[in-house]
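Throughout, protein chains are lettered first and strands after them, A, B, ... in sequence-line order, and every chain is numbered starting at 1.
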There are 2 protein chains.
Amino acid sequence: MSEARTLPDTRERILDAAERLFMESGYEGTSMRTITGDAGVNLAAVNYHFGSKEALLREVFRRRLAWLNRERLHRLDEMEAHAGGEPLKPSAILSAFFGALLHMGTDESLGGMTFLRLLGRTLTEPADFIRTCFAGEYAEVVDRYKRALFRALPDVPREEIIWRFHLMLGAMSYAISGTDALQAVTDCELDLNNDGPQAAEHLAARVMPFLLGGLRAPLPQFVTNQEQQRKPEPSKAA
Amino acid sequence: MSEARTLPDTRERILDAAERLFMESGYEGTSMRTITGDAGVNLAAVNYHFGSKEALLREVFRRRLAWLNRERLHRLDEMEAHAGGEPLKPSAILSAFFGALLHMGTDESLGGMTFLRLLGRTLTEPADFIRTCFAGEYAEVVDRYKRALFRALPDVPREEIIWRFHLMLGAMSYAISGTDALQAVTDCELDLNNDGPQAAEHLAARVMPFLLGGLRAPLPQFVTNQEQQRKPEPSKAA
DNA sequence: ATATGATTTAAACGAACGTTTGAACCACGC
DNA sequence: GCGTGGTTCAAACGTTCGTTTAAATCATAT
């Protein structure tokens, strides 16, 4: 009819099925026959269109992370342009970084909650080629946001900022992945399972105060003393 | 000699190898031949001693979680006994819950950082039989700590407490699993990779302030209004 | 209509998987 | 000595894995 919407579109159907199945069962736990069967295409289609199962996984991430990286850099550029050289507020930096992520959950054409869950799940998988895939796509974005946080929090040791950046990522990916062990125990039904487009907004309202509270928490006592920028006195028991 | 310490101890060698390999490559990504080869035992030993690969995974967790659950309940019992009916401090509850966990990282006979990483990794895997395994072992412990937090924070809606409990678990498991995507990007070398017994103590000093800051963060605006216990006025802008 | 390049198809490939088998091995009580 | 129960062993089981092949089909331009 219109154009290319009604034709088989084998590539995208494979990517959609793989995205969902990798999220549900992991990379090793999903067979090519399950993927192609679910997508309604022939088994050989994956190797024809992508070359291998590993290349398929890379493409599943690439098509989503391309948008995410662009969006995150765009938000940071906009904020820094309006700030006129002044450091940004930490809350604004986090809102941009995680807001761009959570926006994907509200837009089905960007992967929706399925890709968000897959992403949260994969971040803890130490498989080599997965990490290298992330490193290449993520390097610039993470570096830009790290430097923005360094400027926003000049009194906090950089090592501590990086640590808390990690911790915030962990809390967020755990909240996103949803299906966690605690949920199987907890009788109270949280809206974690919500798949609708409002799930990501609920998530943001819930999680952002927690992340900001963690970021602003008092520093640990010992403070690594390798790049103490304020408080030149060594403190009593250090 | 003494008893059964010097003999091959096939069972434990399998469990140790499986623990490490499941941590490194995941359950589906680790073959029985790799496990038995690494443990220096015959391939058939796993099925002889445990019955199946799945039962082996269950036993890998069971022998560690048995100690963890006992320790967590013990610490809570002690605190509640000394409190004499008074609610506990939230920081004390978290210190007990996560302190028991992190103590495993300092004691090689309790699994050390290997098991901690495996645990952090597994919590985000939605495989059914893994979750059911956790549900059975975790139910009582999580319920006890949840109720302690409810008493410690009577002004916070219970749903919000459960949410933040989830988020703290996510941040901690992410910090523990260590090998994450951000690390591949960050040039600054954090002490995440430290495997020594002091790694868990560093982790505690780093992470606990963050978790407490998140737990005490201001509530989100909308506050679910299903069980508002204080502040009966709807408030304009909070 | 026909030739051409892109795509889909059914079938098979060898390798690796978890599991099972039955004989061999060992320690120990008789 | 011999038998016995627990354990280890090499070998093979049938299945599923990711990948490849070559023919069949489709779309399109001349």
Side-chain angles (χ1 to χ4, degrees), chain A residues 1-63 122 125 127-130 132-133, chain B residues 1-61 63 122 125 127-130 133:
Chain A
M1 289 293 149
S2 56
E3 45 184 282
R5 180 52 61 106
T6 54
L7 48 114
D9 226 347
T10 306
R11 267 186 60 100
E12 294 238 339
R13 293 179 59 184
I14 292 175
L15 288 172
D16 290 340
E19 186 172 75
R20 183 170 37 80
L21 289 167
F22 286 156
M23 180 268 287
E24 291 173 1
S25 312
Y27 174 72
E28 318 264 10
T30 304
S31 74
M32 315 239 329
R33 285 165 177 83
T34 308
I35 296 172
T36 53
D38 241 61
V41 302
N42 187 270
L43 168 62
V46 170
N47 286 284
Y48 175 77
H49 284 283
F50 302 97
S52 69
K53 185 187 179 185
E54 186 175 315
L56 167 62
L57 177 65
R58 267 195 293 267
E59 181 61 20
V60 165
F61 280 104
R62 201 207 52 78
R63 73 166 174 167
T122 310
E125 291 192 11
D128 287 340
F129 78 93
I130 292 179
T132 59
C133 169
Chain B
M1 297 299 144
S2 56
E3 43 183 287
R5 179 53 59 108
T6 56
L7 48 115
D9 227 347
T10 305
R11 268 185 61 102
E12 295 236 339
R13 294 179 59 182
I14 292 174
L15 287 172
D16 290 341
E19 186 173 73
R20 182 169 38 79
L21 290 167
F22 286 156
M23 180 267 287
E24 291 173 1
S25 313
Y27 175 72
E28 318 263 11
T30 305
S31 74
M32 314 243 316
R33 284 164 178 84
T34 307
I35 296 172
T36 53
D38 241 59
V41 303
N42 187 269
L43 168 62
V46 169
N47 286 286
Y48 174 77
H49 285 282
F50 302 97
S52 68
K53 186 187 180 185
E54 185 174 318
L56 168 62
L57 177 65
R58 265 195 294 267
E59 181 61 20
V60 164
F61 280 105
R63 72 165 174 167
T122 310
E125 293 192 10
D128 287 341
F129 77 93
I130 292 180
C133 169

Atom pair distance, as rounded to whole Å: [atom1] in [X] and [atom2] in [N]:
X       : N      : atom1 : atom2 : value
A:Tyr48 : D:dA24 : OH    : P     : 18 Å
B:Ile14 : D:dT7  : CD1   : P     : 12 Å
A:Lys53 : D:dT19 : NZ    : P     : 8 Å
B:Phe50 : C:dT19 : CZ    : P     : 13 Å
A:Asn47 : D:dA22 : CG    : P     : 16 Å
A:Tyr27 : D:dC17 : OH    : C1'   : 11 Å
B:Arg11 : D:dG6  : CZ    : P     : 15 Å

Checklist outcome for this item: Here the residues of residues 32-43 of chain A within 4.0 Å heavy-atom distance, strictly under, of DNA chain D are A:Met32, A:Arg33, A:Leu43
Checklist outcome for this item: Nearest-nucleotide check on DNA chain D, A:Ala44 vs A:Ser31; residue mapping nearer the 5' end is A:Ser31
Checklist entry - Would you say a side-chain N or O of A:Thr10 is under 4.0 Å from OP1 or OP2 of C:dT8? => result yes
Checklist entry - Counting only side-chain N and O atoms of A:His49, is one of them less than 4.0 Å from OP1 or OP2 of C:dT8? => result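 Answer yes for this pair, as a side-chain N or O of A:His49 is under 4.0 Å from OP1 or OP2.
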Donor-acceptor pairs under 3.5 angstrom involving side-chain atoms of residues 39-52 of chain A: please list them, not counting sequence neighbours.
unit_1  : atom_1 : unit_2  : atom_2 : d
A:Asn42 : OD1    : A:Ala44 : N      : 2.9
A:Ser52 : OG     : A:Ala55 : N      : 3.1

Next on the checklist: A side-chain contact here means heavy atoms from C-beta on lying under 4.5 Å apart; do B:Glu28 and A:Tyr27 qualify?
Outcome noted: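 When only atoms from C-beta onward are counted, A:Tyr27 and B:Glu28 do not touch, as no gap falls below 4.5 Å.
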Checklist entry - Taking only residues two or more places apart in sequence, or in another chain, which ones meet A:Arg63 in a salt bridge (Lys or Arg N to Asp or Glu O under 4.0 Å)? => result A:Asp16, A:Glu19
Checklist entry - What pairs meet the side chain to side chain donor-acceptor pair (under 3.5 Å) rule with one or both residues in residues 29-41 of chain B, with sequence neighbours excluded? => result B:Arg20-B:Asp38, B:Ser31-B:Thr34
Checklist entry - CZ/A:Phe61 to CG/A:Leu56 distance, rounded to the nearest 0.5 angstrom? => result 10.5 Å
Checklist entry - Between CD of A:Glu12 and CD1 of A:Ile14, what distance do you get to the nearest 0.5 Å? => result 10.5 Å
